[in-house]
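Start at 1 with the first residue, then count along the sequence. As the structure is a prediction and not an experimental result, all values here were calculated from the model. Note: hydrogens, waters and symmetry copies are ignored here, and every other heavy atom, side chains too, is used.
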Amino acid sequence: MNRKTFHPAQPAESLAPIDRHFANLMARLSAGSPEVKLAAALVSQQRRLGNICVDLDDYQINPPPVELAAELGCAGWPTKSILLQRLKNSPVVGAPGEFKPLILDAQNRLYLQRYWKYETELAAAILQLANEKIPTVDPQKFGAGLRRLFPEAGEGKIDWQLVAAFAAMRRRLCIISGGPGTGKTRTVVVVLALLLEQDPAMRIGLAAPTGKAAARLQDALKNAKATLPCNPATKDRLPTEASTIHRLLGSIPDSANFRHHAENPLPFDAVVVDEASMVDLALMAKLAAAIPLSGRLILLGDKDQLASVEAGAVIADLCNGAEPRRFSDEFAREFKVITGQTLPSESGTTSKLADCIVELRKNYRFGDRSGIYGLSHAVNEGNSEKALATLRESSKATGAQVSWKALPPPAALKSALKPYVLSRYQAYLSAANPAEALAAFGRFRILCALRNGPYGVENLNRLVEEILTEAGLIHASGRFYAGRPVMVVRNDYNLKLFNGDIGLVCTNETHEFRAYFAGPEQTLREIMPLRLPAHETAYAMTVHKSQGSEFETVLLILPRDDSAVLTRELIYTGLTRASSGVELWADPGIFSTAVQRKTSRRSGLREALWAPV
């Protein structure tokens with residue numbers, strides 16, 4: 001969704017009650033100033049839409065829709081010069097460092113005080129981590145470890161996983177970015193083994209934004225370390241449990257604060273966070289603040305995926321978006337000394353932060369000739385013509401990984417879904433036991449861009465239920481029924497169920513309904529349905545909710561009408577949830593528009609991190 005600018009051609013986003021209340025309060029404290037009222041409402045609304053601030057220079061070029069002003073009883077928007085003057089004279093607006101509800105910086109960016117503080121503190125913490133080189137690494141032991149763990153790396157052929165491992169050992173910060181199948185988890189297991197070889201007593205914490213992502217990280221680490229070429233003692237010391245970031249930091253009930261912070265840092269020497277693209281600005285700022293003075297922070301993620309649901313696009317800002325960057329001469333020299341390899345000469349920005357970021361470029365899952373790889377790559381480039389051509393060509397080929405179908409009208413959607421639903425969901429509904437059913441259900445998913453509307457999650461879940469009921473495969477006569485897939489939408493630490501966890505309702509040996517969820521070590525957890533935390537039916541789910549998941553095949557359905565949420569990041573994320581096949585139902589015009597629309601969330605973080613020194 002393009003959240004960087006205001007386009008009059010797009011529908012105006014309405015103000016929420018909290019926006020209006022905040023605007024009225026700021027106006028009352030500013031002698032009834034309508035300009036302050038409008039600015040306060042706008043900065044509150046834009047925070048809800050994912051932006052950290054409002055850029056008043058951009059406001060001059062693309063003023064907000066007049067409908068927003070009308071909602072507040074104002075005739076229209078003031079000019080930039082008048083607005084700036086009223087803000088600077090207001091008692092509720094301060095300069096950076098002042099304790100005022102609103103902060104206006106020298107670049108004419110207007111923030112809520114709290115978000116200006118998050119952004120400033122995160123930028124300072126990231127730069128401090130990036131600037132601190134680790135002096136205690138034994139070069140000989142380090143080099144020997146790299147050669148053992150990356151035996152196929154050779155001169156003239158750069159192994160970017162090797163580069164990432166080298167970067168992670170060199171400084172207190174490392175960001176490893178890459179799409180699905182590029183080996184991020186394998187790389188971090190190697191890094192942890194190298195760290196433990198240097199310091200066997202090292203304490204390591206593993207975390208992810210959601211319980212589902214934490215469980216996947218835990219399983220992936222277990223699988224990767226099984227084939228790791230290191231001694232058994234090192235393998236035994238590798239961490240085996242991952243938690244949510246909230247649990248790692250120590251959530252305090254009914255509070256936005258955590259038990260671990262700058263004054264009470266985490267008890268770890270290294271913290272690894274997977275699916276970091278899902279982490280919003282506020283949570284990342286609190287995590288960075290809790291890293292001990294001598295600790296390391298390793299972030300794994302995909303900078304091209306959807307940004308966090310809450311405000312910010314932290315990983316994209318940390319990686320400087322799509323802007324080219326290169327390693328410093330110092331980094332290249334040290335890399336050659338340790339590994340004997342020469343990094344390719346590349347152009348772009350160089351900085352201490354650039355030395356901490358490695359993008360994994362080889363895809364081990366798809367391969368260059370894969371249809372999913374080709375389509376997702378074209379989408380990532382914003383090349384809608386190439387993406388459409390790839391779809392059309394693949395649709396003609398037998399056994400292609402990707403296919404495209406014109407979006408059926410709402411009245412024909414159920415009949416179009418019927419053969420697809422019956423063929424894909426038959427296996428899990430006829431499974432012999434809950435474990436087999438869960439495994440079969442996890443192979444396929446319907447993904448949508450929206451929750452509401454004819455092509456949204458709620459309607460599609462209803463249609464799937466109708467299709468399966470009419471076929472006699474389920475009996476959806478009550479709230480719970482055998483075969484109902486449920487997705488948890490609120491964390492429950494007592495039950496160890498987390499937002500995004502998916503289970504199935506089945507009957508047990510005494511013919512009572514139970515919800516079954518996958519547990520550790522391939523076990524099964526059995527929960528009474530009435531004890532479940534907030535949840536929803538999950539035949540179909542939003543692309544946002546699918547982040548961190550992987551399915552064999554995916555049906556990705558885009559709506560008929562354009563929406564600001566339709567972006568290349570959303571389509572890329574949906575496509576790359578599949579490992580072997582994707583079918584896309586979309587109008588070609590809507591698809592092209594979405595591919596050309598890049599998410600851009602307004603903040604000052606990228607500038608603070610990448611400003612020329």
_Walk me through whether V486 and I502 qualify under side chain to side chain contact (heavy atoms under 4.5 Å, CB included)._
CA-CA 6 Å; V486 292; I502 291 180; over 6 Å; no
*What do the steps show when you test M284 against I126 for side chain to side chain contact (heavy atoms under 4.5 Å, CB included), and what is the final call?*
CA-CA 10 Å; M284 190 67 84; I126 289 295; 5.7 Å; no
*asked:* Please determine whether side chain to side chain contact (heavy atoms under 4.5 Å, CB included) holds for the pair R172 and L297, giving the CA-CA distance in whole Å, both sets of side-chain angles, and the decisive distance to 0.1 Å.
replied: CA-CA 6 Å; R172 292 179 57 212; L297 176 62; over 6 Å; no
*K545 and N499: side chain to side chain donor-acceptor pair (under 3.5 Å), yes or no, with the steps?*
CA-CA 9 Å; K545 284 288 188 182; N499 186 10; 2.8 Å; yes
*For the pair S603 and N51, evaluate side chain to side chain donor-acceptor pair (under 3.5 Å) and give the outcome as yes or no after the intermediate values.*
CA-CA 6 Å; S603 82; N51 295 293; over 6 Å; no
*asked:* Applying side chain to side chain contact (heavy atoms under 4.5 Å, CB included) to Y572 and L306, what does each step give before you reach the verdict?
replied: CA-CA 8 Å; Y572 167 81; L306 281 166; over 6 Å; no
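The CD1 atom of I245 lies 8.5 Å from the CZ atom of F258; values are rounded to the nearest 0.5 Å. Taking CG from N461 and CD from E465, the interatomic distance works out to 7.0 Å, rounded to the nearest 0.5 Å. Distance check: N452 CG to N459 CG gives 10.0 Å after rounding to the nearest 0.5 Å. C448 SG to I446 CD1: the interatomic distance, rounded to the nearest 0.5 Å, is 7.0 Å. The CG atom of L249 sits 6.5 Å away from the CG atom of L283 when rounded to the nearest 0.5 Å. Of the inter-residue distances, the one linking R445 atom CZ with S549 atom OG reads 7.5 Å to the nearest 0.5 angstrom.
For R203, the CZ atom counts as densely surrounded, since its 6.0 Å shell holds more than 12 non-hydrogen atoms of other residues, nucleotides or ligands. No more than 12 heavy atoms of other residues, nucleotides or ligands lie within 6.0 Å of CD in E241, so this atom counts as exposed by the packing criterion. The environment of L25 atom CG is dense: over 12 non-hydrogen atoms of other residues, nucleotides or ligands sit within 6.0 angstrom.
In this structure, S44 contributes its side chain and A41 its backbone to no donor-acceptor pair below 3.5 Å. Looking at H246, its side chain never comes within 3.5 Å of a backbone N or O of T244 through a donor-acceptor pair. S376 places no side-chain N or O within donor-acceptor distance of the main-chain N or O of T576, the cut-off being under 3.5 Å. A distance-only check finds no donor-acceptor pair linking the side chain of R451 to the backbone of V457 [under 3.5 Å]. Looking at E569, its side chain never comes within 3.5 Å of a backbone N or O of D304 through a donor-acceptor pair. Between the side chain of N24 and the backbone N or O of R20, at least one donor-acceptor pair lies under 3.5 Å. Looking only at distances, no side-chain donor or acceptor of S243 sits under 3.5 Å from a matching main-chain atom of R247. In this structure, the side chain of T234 does not engage the main chain of C230 through any donor-acceptor pair within 3.5 Å. Without hydrogens or angle criteria, Y428 side chain to G483 main chain gives a donor-acceptor distance under 3.5 Å.
Ion pairing between E197 and R237 fails under the 4.0 Å rule for side-chain N and carboxylate O. The existence of a salt bridge linking R361 and E359 is excluded, since no basic side-chain nitrogen approaches an acidic carboxylate oxygen closer than 4.0 Å. Look at R171 and E132 and you find no salt bridge, because none of the NZ, NE, NH1 or NH2 atoms lies under 4.0 Å from a carboxylate O. Between D55 and R602 there is a salt bridge, since at least one side-chain N of the basic residue sits less than 4.0 Å from a carboxylate O of the acidic one. The residues D269 and R296 are annotated as not salt-bridged, no charged nitrogen and carboxylate oxygen being separated by less than 4.0 angstrom.
Between L566 and L558 the shortest side-chain heavy-atom distance falls below 4.5 Å. For the pair T240 and K222, the minimum side-chain heavy-atom distance is 4.5 Å or more. Inter-residue side-chain proximity for L248 and V271 is flagged as met; some heavy-atom pair is nearer than 4.5 Å. Side-chain contact between V279 and S308 is absent, with no heavy atoms from C-beta onward closer than 4.5 Å. In this structure, the side chains of L450 and T542 stay at 4.5 Å or more apart for every pair of heavy atoms. Counting only heavy atoms from C-beta outward, the side chains of V43 and Y115 never approach each other to under 4.5 Å. Looking at L353 and W610, their side chains come closer than 4.5 Å, going by heavy atoms from C-beta outward. Using a 4.5 Å heavy-atom cutoff, the side chains of Y111 and V54 are not in contact.
Between Y539 and F441, the ring planes lie perpendicular to each other; the angle is over 60°, past the 30° to 60° tilted range.
Inspection of the E552 and S579 side chains reveals no N or O donor paired with an N or O acceptor under 3.5 Å. Side-chain atoms of Y516 and N508 include no donor-acceptor pair closer than 3.5 Å.
Separation of the F268 and H260 ring centroids does not fall under the 6.0 Å cut-off.
Screening E275, Q305, R577 for a side-chain hydrogen bond (donor to acceptor under 3.5 Å, both in side chains) involving Q547 leaves a single residue, Q305. For the side-chain hydrogen bond (donor to acceptor under 3.5 Å, both in side chains) with D19, the qualifying choice from R47, R48, Q46 is R48, the only one to do so. Just one of E119, E121, Q113 meets the side-chain hydrogen bond (donor to acceptor under 3.5 Å, both in side chains) condition when paired with K117; it is E121. A side-chain contact (heavy atoms from CB on, under 4.5 Å) with D274 is found for exactly one of I176, L206, I298, L300, namely L300.
Closest of all the heavy-atom pairs between G301 and K184 is O-CD, 3.5 Å. The shortest heavy-atom contact between L570 and V543 is O-CG1, 3.5 Å. L524 approaches A435 most closely through the heavy-atom pair CD2-N, 3.7 Å. Looking at every heavy atom in both residues, A40 comes nearest to A23 through CB-CA, 3.9 Å. Considering every non-hydrogen atom in both V488 and R490, the closest pair reads CG1-O, 3.1 Å. Here the closest non-hydrogen pair linking G574 and V554 is O-CG1, 4.1 Å.
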